[in-house]
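The next block holds one structure in the form of structure tokens; read it before the comments.
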Amino acid sequence: MKWTVVFQLLSFPLVALLVPGVASLESGHQQHTKRANGVSTDPAIFGNVLNSWTKLSAGWDLTRGDSTGAITLPMPRNGPIVVRPNKTALVIIDMQNFFLHPAVGGDPKGRAIVPTTINLIHAFRNAGMPVVWTNWGLTEFDLVNMPPAFIRGFSKDGSSQTSFGSEMGDVLVSASDESIAADHTTSKNVTIDAGRLLVRGSWNAQPWGDLLHEQVSGVAKGTDFYFNKNRLSGMWGTGTPMQTWLQDNSMTTLFFGGVNIDQCVWGTLLDSYYKGYDVILVDDVSATTSPDSATQMVNFNAVINGWRANSTDFIAALKTAAKKP
């Protein structure tokens with residue numbers, strides 16, 4: 001029996017149907033004698049009329065046929081990439097007090113990437129590219145419907161009473177800089193109510209240090225957009241607030257950073273990849289408390305799914321783009 005693969009366009013994605021007649025399955029392998037309907041015959045075009053990349057002599061054009069205002073960004077592998085600034089966003093994930101603040105045992109590796117993260121945020125804004133923040137921010141509805149596995153994973157002592165939504169109590173921080181732990185050699189400290197664990201509006205769920213100002217001011221100016229999430233991934237399930245915004249604004253290309261690189265960052269990147277977005281992992285604005293092997297897994301797969309780079313690989317190109325009228 002001979003078969004060919006024909007695709008029926010049902011808006012998106014494409015649905016494959018097996019139809020007898022053309023492609024041969026002889027000798028244990030398939031001979032590709034005909035392309036699917038709705039797919040370009042140009043071997044440099046990857047995708048369909050609604051969603052495609054163009055392979056260049058060096059790198060990839062991700063503009064999907066409309067290069068208006070496009071910029072070229074160097075990548076260490078499989079680059080450069082050509083993107084449209086108004087269709088490309090930086091996604092910052094979980095850079096919150098709960099994960100970073102020293103007063104609650106936050107990770108110093110996460111705090112160390114904050115200056116680089118802020119530099120990249122400014123470069124994206126100046127180039128006319130939106131910045132998207134997605135953080136844990138739970139509601140009562142989320143708490144009631146949280147799966148047992150997640151409750152156990154965030155428990156402080158192995159009981160359900162110290163997991164999501166539990167009162168974290170007061171924390172002592174420096175009066176001169178609330179982003180650092182209390183200095184016990186001086187009386188110039190203040191007490192802050194840390195609030196309920198990762199509940200929306202609590203202190204522990206706020207961005208850490210200077211990132212709080214960046215988020216608040218960016219949202220006020222309309223350059224940044226903030227979305228709460230209730231799982232590791234900001235893109236899990238059939239739809240999230242972040243995904244809705246991305247769809248409404250026809251975004252196609254996403255750069256990712258935050259903590260932890262192998263958990264919430266990777267989960268959000270992977271779900272975005274599954275849903276058809278171009279994904280770029282930015283190493284030097286990502287960190288984790290996990291063993292090195294976890295990061296190695298992410299690094300290996302990020303290059304397969306999309307691209308992986310340091311901000312230093314492409315930030316100069318963003319700054320050049322910002323200078324253009």
Side-chain angles (χ1 to χ4, degrees), residues 90-126 130-138 154 156 162 164-229 234 255-261 263-265 282-290 310-312 315 319:
L90 172 64
V91 182
I92 303 297
I93 302 163
D94 287 0
M95 298 289 281
Q96 298 167 271
N97 282 325
F98 179 80
F99 300 106
L100 301 184
H101 203 291
V104 291
D107 180 27
K109 293 180 180 178
R111 295 194 294 273
I113 64 172
V114 169
T116 305
T117 301
I118 291 176
N119 287 339
L120 188 57
I121 288 171
H122 292 172
F124 263 74
R125 288 176 183 160
N126 293 336
V131 176
V132 174
W133 305 74
T134 183
N135 291 345
W136 283 96
L138 302 174
F154 278 77
K156 289 291 186 181
T162 59
F164 293 117
S166 62
E167 289 287 352
M168 294 185 63
D170 293 337
V171 294
L172 199 62
V173 300
S174 170
S176 60
D177 184 353
E178 293 185 0
S179 69
I180 62 177
D183 180 358
H184 293 288
T185 65
T186 176
S187 60
K188 295 181 179 179
N189 298 314
V190 294
T191 299
I192 291 179
D193 178 7
R196 298 169 67 194
L197 199 156
L198 293 178
V199 167
R200 194 174 301 185
S202 65
W203 174 87
N204 76 90
Q206 291 178 356
W208 176 75
D210 291 338
L211 292 172
L212 176 60
H213 169 74
E214 291 294 334
Q215 184 203 81
V216 172
S217 62
V219 171
K221 294 175 182 177
T223 59
D224 295 27
F225 303 87
Y226 176 78
F227 304 100
N228 292 293
K229 64 185 180 74
F255 288 70
F256 295 87
V259 294
N260 281 318
I261 190 173
Q263 297 171 7
C264 294
V265 176
V282 187
D283 282 340
D284 58 354
V285 297
S286 303
T288 187
T289 57
S290 302
N310 282 319
S311 64
T312 51
I315 198 168
K319 292 179 178 179

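Excluded from the calculations below are hydrogen atoms, water molecules and symmetry mates; all remaining heavy atoms, backbone and side chain alike, are included.
Across all their heavy atoms, V265 and V259 have their closest contact at CG2-N, 3.6 Å. Annotation for S286 and F256: closest pair OG-O, 3.9 Å, computed over non-hydrogen atoms. A pairwise comparison of heavy atoms in N204 and A194 identifies ND2-O, 2.8 Å as the closest pair. Between F99 and L198, the shortest heavy-atom contact is CZ-CD1, 4.1 Å. In terms of heavy atoms, S179 sits closest to G209 at CB-CA, 3.6 Å. Nearest heavy atom pair, residue V282 against residue F255, reads CG2-CD2, 3.9 Å.
To the nearest 0.5 Å, atoms CG (N119) and CD1 (I315) are separated by 5.5 Å. A distance of 3.5 Å separates OG of S311 from CG of D284, quoted to the nearest 0.5 Å. The distance from atom CZ of R111 to atom CE of M95, rounded to the nearest 0.5 Å, is 10.5 Å.
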Step-by-step side chain to side chain contact (heavy atoms under 4.5 Å, CB included) determination, V131 to T223:
CA-CA 7 Å; V131 176; T223 59; over 6 Å; no

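In this structure, N126 places its CG atom where more than 12 heavy-atom neighbours from other residues, nucleotides or ligands lie under 6.0 Å away.
In this structure, the side chains of L138 and R196 stay at 4.5 Å or more apart for every pair of heavy atoms. Using a 4.5 Å cut-off on side-chain heavy atoms (C-beta onward), H101 and Q206 make no contact.
Judged as a side chain to side chain contact (heavy atoms under 4.5 Å, CB included), and not counting sequence neighbours, the contacts of Q215 are W133, N135, P207, V219, Y226.
Remark: side-chain polar atoms of N189 are not paired, donor with acceptor, to backbone N or O of L172 under 3.5 angstrom. No donor-acceptor pair under 3.5 Å is formed between the side chain of T116 and the backbone N or O of V285.
Side-chain contact of T312 with N310: a donor-acceptor pair under 3.5 Å is absent, judged by distance alone.
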